[in-house]
Amino acid sequence: MRTSGLRPSLIFAILASLGFLVVVSWQSWAGNTVTLDSLLVATIAGLSVGSLYAISATGLVVVYTTTGTFNFAHGGIGVFSAFLYWELAENKDGIGLPRLFALILVVLVVAPAIGVFLDLILMRRLRTADLVVQLMVTVGLMVFLLTLTGQLWQADQARSVGFFWEGQGFFIGEFKVTWHRYMVIVVAAAIALLLRLLLYRTRIGVAMRAVVDNRELTALNGARPGMLSSFAWALGSSLAALAGILIAPEVQFSPANLNDVMLIAAIAAAALGQLRSLPLTVVGGLLIGLLQQHNAQWLSHGADWPFTRLAIAPIVLFLVVLALPQARLEVGRVATNLRPVERTTNWAEGAFGSVALIVVAIVLANGWLDFGVWDPGPWNQIALNNGIAAMVIALIGLSLVPLTGWAGQINFAPLAFAGFGAFLFLKLAGESGNALWIPVVGLLCAPLGAIVALFAARLSGLYLALLSLAFALLMAKLVYPHPKIFPTHTFADLSVGSYTLDSRYRFFLALIIVFAVMMFALVLLRRSRFGRRWVAMQDSQAAAATIGVNVILTKVIVYATSAALAGMAGVFWAISKNSIDSGRDFELLANFEIVLLMAAAGLAMPAAALFLSFRFVIEALGGRLDEAGSFGPLVWFLDSFLAKFGPGLLAIGMVVNQRGAVFEMGKGFAPLLPWRRDARRELALERERGRVREIGGLGLTEPFTGEALLEIDHELGVVDDITPAEGYRHAVHPEVADV
Amino acid sequence: MTTAAPLLELRGVRAGYGIIDVLHGVDLVLQPGEVLALLGPNGAGKSTTLAVASGQIEPSSGQLLIGGREVNGARPDALARSGVCLVPEGRGIFPNLTVTENLRMMTFAGTSLSAIQEKAYELFPRLEERRRQLAGTLSGGEQQMLAMARAMATDPALLMLDELSMGLAPIIVDELYSQVATLARTGLSILIVEQFAKTVLGVADTAAIMLHGRVTRTGRPDEIAEELTAAYLGIESGGHQ
Amino acid sequence: MTEERPGDESPRLQEFQTQVEDLRLSGGRANPERAAVRLALVLFVVAVVIEIVAFNGSSSASDSRDQTDFVILALLGVVVALGAVGLFIRASLTRYFRYWLVRLVYEDRANTDRLIDALRPGREK
Amino acid sequence: MSEIDPSGAAVLEAEDITVQFGGLRALSHATITAHSGVITGLIGPNGAGKTTLFNVITGHQNTVTGAVRLGGRDVTRLGVHRRARKGLSRTFQKLEAFNSLSARDNVLVAAEMYGAGTGPARLADDILERVGLADVADITVGTLPTGTARLVELARALAVRPRVLLLDEASSGLTEEETAAVGDLLIQLVAEDDLAVLLVEHDMSFVMNTCSQIHVLDFGQMIAAGSPEEVQGNETVRAAYLGTGS
């Protein structure tokens with residue numbers, strides 16, 4: 001179990017990558033002649049871009065080591081800064097600051113301020129939080145920053161950031177290399193040097209490294225941990241901003257694209273440095289830059305492999321994560337009460353909920369409810385499409401419940417699994433749309449989950465999340481865009497025998513029923529021995545092993561289950577969209593949104609998946625209100641604010657509400673049900689403990705002491721001084737003397 | 001001016017980790033200039049008491065008073081800068097920093113690096129030879145000397161030592177404790193948590209025994225010794241209930 | 001106890017004393033209401049902001065239906081303000097009442113003890 | 001050293017165990033045995049290597065030298081769960097209960113590993129009854145007080161029907177009454193089920209009252225073994241605990 005060195009899975013992955021490289025190179029070779037000059041130019045370009053990745057990744061690592069928070073919003077901060085820089089320096093209608101001045105203003109003033117602000121209001125509370133919460137909050141912040149940038153600077157407008165020195169440069173043979181690129185390399189080298197000096201020669205730098213060793217001891221030496229973490233955030237944001245601004249001229253300048261480029265490369269480079277070593281991180285950044293630029297130089301991005309350049313960082317990430325040593329079984333972790341204490345739903349409640357859901361959906365869709373003043377009427381095609389989209393996403397979200405909610409395996413790639421289901425269905429059912437193939441698709445998806453589980457089984461926590469991220473990206477950038485996978489086919493309507501779900505209404509009803517059945521099945525599964533075992537494994541892997549649970553096998557089973565659920569959901573997903581747009585449907589942000597909303601709602605509860613319909617409900621509501629007229633500010637609030645910023649804000653809100661909204665509601669609600677005696681007793685126990693803590697020391701649970709009495713009198717304002725002259729105690733409270 | 005308040009006082013302190021309560025009402029007083037030995041078996045709550053006194057764990061009820069002032073909720077770094085120095089259990093050093101860098105970490109309390117270096121190297125010349133070495137590669141005794149250097153060099157007002165002798169050879173333990181005795185003679189107030197009771201009792205003015213999260217007995221060291229053996233080996237309470 | 005004590009007037013101890021006096025304290029877990037008091041203050045500020053926004057909006061709205069929206073917003077602001085005041089009063093007084101209650105419990109116990117003592121036959125003269 | 005009751009062969013033998021953490025030798029050539037029907041205690045000062053030895057026995061920790069045998073079979077190369085299935089069960093020093101499950105489910109998870117149908121459920125209820133947890137069976141363990149949660153951990157360890165039970169600091173977090181109750185329960189279990197119990201403990205009166213055989217570990221080495229009286233009178237043991245005089 002604890003073998004080190006090269007593992008079979010790693011060897012397999014390396015060989016597969018190499019073979020893949022050969023195949024892709026063979027098929028996509030652009031036919032450019034290889035000369036010394038062209039090699040040199042690609043290398044300089046690679047070093048330049050790589051330097052920027054290195055700068056960005058360094059910021060990520062500094063923040064992670066010093067504060068323990070892995071910042072998925074790192075790229076988002078860079079994106080926001082780059083757009084701010086554009087506004088200050090490049091916008092023709094803007095204030096038109098000189099480039100250098102704008103650069104300094106953004107990198108040295110605005111970005112650090114953002115970093116410190118984030119640290120003060122959010123990140124400090126996260127240090128002791130559950131990993132899922134940590135990840136969700138920073139991912140939520142990323143989504144929020146990207147939305148904000150997109151709203152402030154309309155994302156659909158094309159704009160660009162110019163090179164420094166207006167693209168002038170120095171010719172190598174027939175190729176021009178811009179001064180900008182040389183400058184970037186010089187700047188990166190200077191930053192590396194400065195960081196080295198900072199971290200090894202100054203007190204605050206040494207303290208930042210000391211925190212990695214032993215956080216408590218750092219405080220015991222008198223270093224202010226709060227200041228250290230603020231400084232790290234300021235530094236990290238600054239580096240993100242610098243990288244974002246300097247890389248902007250090299251890429252398509254849109255929030256999502258810039259974030260993709262920066263974030264994934266930074267994560268991969270940081271992973272190569274095992275999230276600790278800055279020199280290795282820099283090497284990682286340069287390596288990715290070089291690979292990308294040589295890829296761009298020598299391969300054509302024609303039909304078969306359109307996005308190989310974007311796949312390089314994920315491939316590096318994937319290999320690095322696989323090469324990491326075995327995560328040890330955790331023993332001796334201090335048990336705290338922070339982990340979600342989950343409340344199980346009994347089967348009757350689950351059945352009731354499922355039936356109620358179906359009834360409500362039918363009543364609403366047919367418009368059988370008349371509110372008197374307002375008769376909504378039956379749903380039109382738009383409303384039905386909204387409902388379908390909502391239920392499809394909810395169905396995919398259900399697949400996360402056993403995997404992440406119960407077994408604690410973080411998965412950022414639900415759509416990658418769903419896409420595989422869609423692909424299988426296309427191959428198996430073809431034109432017929434025969435629904436009987438759906439269970440078969442589920443069965444065939446399970447092995448994919450099992451394979452991912454074999455890669456993931458050794459990992460835990462953050463690295464597992466990164467692996468799933470790499471998996472999502474590999475599927476999105478390499479596999480699915482291949483024209484053989486999703487040819488421009490449209491999916492046929494679903495049919496069972498001769499009955500075809502040819503109207504949107506029928507399809508919607510079918511979806512509701514499928515969802516309700518799945519939800520009920522999950523409620524039953526949670527109460528089965530499998531569900532118990534998975535939850536037990538998440539609570540303590542070490543303890544689960546000591547009662548005889550085979551941890552690896554259990555993980556394989558739960559991954560397979562989740563993949564099967566996601567694959568079946570993927571069939572409905574594809575059919576609801578009629579066709580798959582392989583370039584956009586599997587985007588990271590789409591994956592993130594599902595995981596974020598699930599987490600904000602409460603990953604452990606199947607019913608929480610309904611929460612994923614949030615955005616569609618908001619939009620539908622906004623539309624309805626708009627039709628009804630008048631409600632101006634409210635419509636704006638729903639449409640422009642809640643629907644767009646909601647997912648990010650909800651996830652950020654997990655800083656406070658760590659267990660998820662549905663959990664909190666359930667916690668308040670369950671004790672009200674007459675048959676939930678257990679919930680009432682738990683509530684009573686919790687309250688009792690809180691109260692005993694509060695007043696235990698004051699003399700209610702122990703005999704009163706003179707000091708306690710004096711303290712009470714002091715609090716009540718009856719005496720002024722809590723340490724009165726000797727003898728006062730006994731004079732005022734003679735009874736106490738013999739206590 | 002009032003009569004001097006105790007330098008450190010715990011009144012009915014309850015505290016613990018997460019949901020686990022370790023201290024069930026600890027009362028403890030350390031007078032200025034006194035050396036107090038806190039003894040007791042594993043798991044009695046000695047280290048937790050130090051964690052409370054240094055601000056690492058906040059009491060869930062009760063009071064922590066330092067210099068007569070209630071400081072419940074004070075941050076450990078703030079207490080450290082004002083002169084409360086805890087050398088924690090299991091080597092209070094940063095293994096991945098060099099010796100010099102470890103000494104640099106001690107400058108947060110206000111002493112300059114050169115002053116700390118001078119004093120540390122004077123007391124433990126071995127450290128100077130190793131100043132570029134990573135602290136994690138030092139021997140156990142050298143690591144503990146490095147940790148002790150902070151106590152010697154940063155001029156604390158209250159020094160707390162947790163299991164100084166753990167895993168060290170007796171000769172080195174003696175050497176370390178002779179330094180502690182030197183410190184005690186300068187009038188420094190010291191709270192020592194130890195298992196090697198005999199060594200400590202030679203240095204201490206007062207001793208306290210801790211059992212099950214409470215201080216059960218306080219007295220002069222020679223009075224305590226017998227009871228201590230019983231507490232460690234369960235002799236007195238032997239026989240079935 | 002054994003050695004001569006340099007005394008409490010030693011400069012280091014004096015300095016230590018002032019440094020400890022200067023410590024800024026968060027109040028600690030013993031005073032959980034402090035957060036609620038702060039929240040109440042924040043809420044009150046929010047309420048004031050809502051009122052200003054509503055006032056501003058209603059005076060510029062031409063349509064009476066739009067004005068209704070702002071009236072509703074203003075009512076919301078009033079509700080928030082009332083809530084904030086309630087929270088503030090509750091949180092700032094809870095601590096006091098808790099101590100008061102404990103004091104009553106103590107006196108009650110002491111009285112009971114005295115009563116029992118007085119009724120004990122041995123005490124009768 | 002007194003000989004152990006020779007009627008039962010050692011059901012657990014950990015022989016010549018050495019563990020190295022970097023440059024630090026946590027255990028050197030330590031040997032310990034546990035016999036059916038006997039409660040064996042393992043004591044020693046802080047940092048002596050007791051929990052490390054437990055981790056070696058259960059497979060959470062690799063060794064440099066030595067072998068672990070269960071019922072005479074070498075299990076040194078088996079993973080944690082394989083050893084568990086051979087009848088080795090343990091509790092942890094820092095509480096490792098399944099916090100988000102109810103007390104009954106905690107026990108049931110373990111019982112289900114070794115039975116199907118209604119068997120596990122009945123077994124779980126029996127054990128909860130026996131440990132005195134029937135009253136809180138439906139409560140989520142995360143909301144229970146520490147002492148009760150420790151009992152849940154003990155109940156879970158019993159639900160795998162172990163032949164060898166390792167208890168790491170079973171009494172920490174328990175009140176004195178609860179500690180005494182656990183001691184009585186252990187004595188009863190050992191007598192009735194022919195279980196071998198090995199316990200690490202810092203509460204010496206608990207050790208002296210319940211154990212019939214005690215091993216003492218110091219600096220990773222076994223320095224003494226014997227009955228409680230022998231260990232209490234042993235000079236080496238006293239020196240290990242109290243330190244050599246200065």
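Just so it is clear, the model here is predicted, and its values are computed rather than measured. Quick note on labels: first sequence line is chain A, next is B, and so on, each numbered from 1.
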Region of D:Leu88 in contact with chain A, defined by heavy-atom distances below 4.5 Å:
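Just its backbone gets close to chain A.
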Whatever's closer than 4.5 Å to a heavy atom in chain A on D:Val109 counts as both
Counting heavy-atom pairs under 4.5 Å with chain A, the top scorer among D:Ala111, D:Ala110, D:Pro162 is D:Ala110
Using a 6.0 Å cut-off, check whether atom [atom1] of [X] has over 12 heavy atoms from anything other than its own residue.
X: D:Tyr114; atom1: OH; value: yes
X: A:Arg125; atom1: CZ; value: no
X: D:Gln188; atom1: CD; value: yes

Would you check if [X] and [Y] make a side-chain contact, meaning some heavy-atom pair closer than 4.5 Å?
X: D:Arg156; Y: A:Ile547; value: yes
X: A:Arg681; Y: D:Asp135; value: yes
X: D:Met113; Y: A:Val549; value: yes
X: D:His60; Y: A:Thr546; value: yes

To check you understand the geometry: which heavy-atom pair defines the closest contact between [X] and [Y], and what is its length?
X: A:Val535; Y: D:Ser100; result: CG1-OG, 3.6 Å
X: A:Ala545; Y: D:Ala84; result: O-CB, 3.7 Å
X: D:Phe98; Y: A:Ala543; result: CE2-CB, 3.9 Å

Between the CG atom in D:Leu108 and the CZ atom in A:Arg533, the distance rounded to the nearest 0.5 Å is 10.0 Å
- Query: Is there a donor-acceptor contact under 3.5 Å from the side chain of D:Arg85 to the main chain of A:Gly548?
  - Reply: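 Confirmed, D:Arg85 side chain pairs with A:Gly548 backbone.
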> Just by distance, do the side chain of A:Arg529 and the backbone of D:Glu112 share a donor-acceptor pair under 3.5 Å?
Replying inline: yes
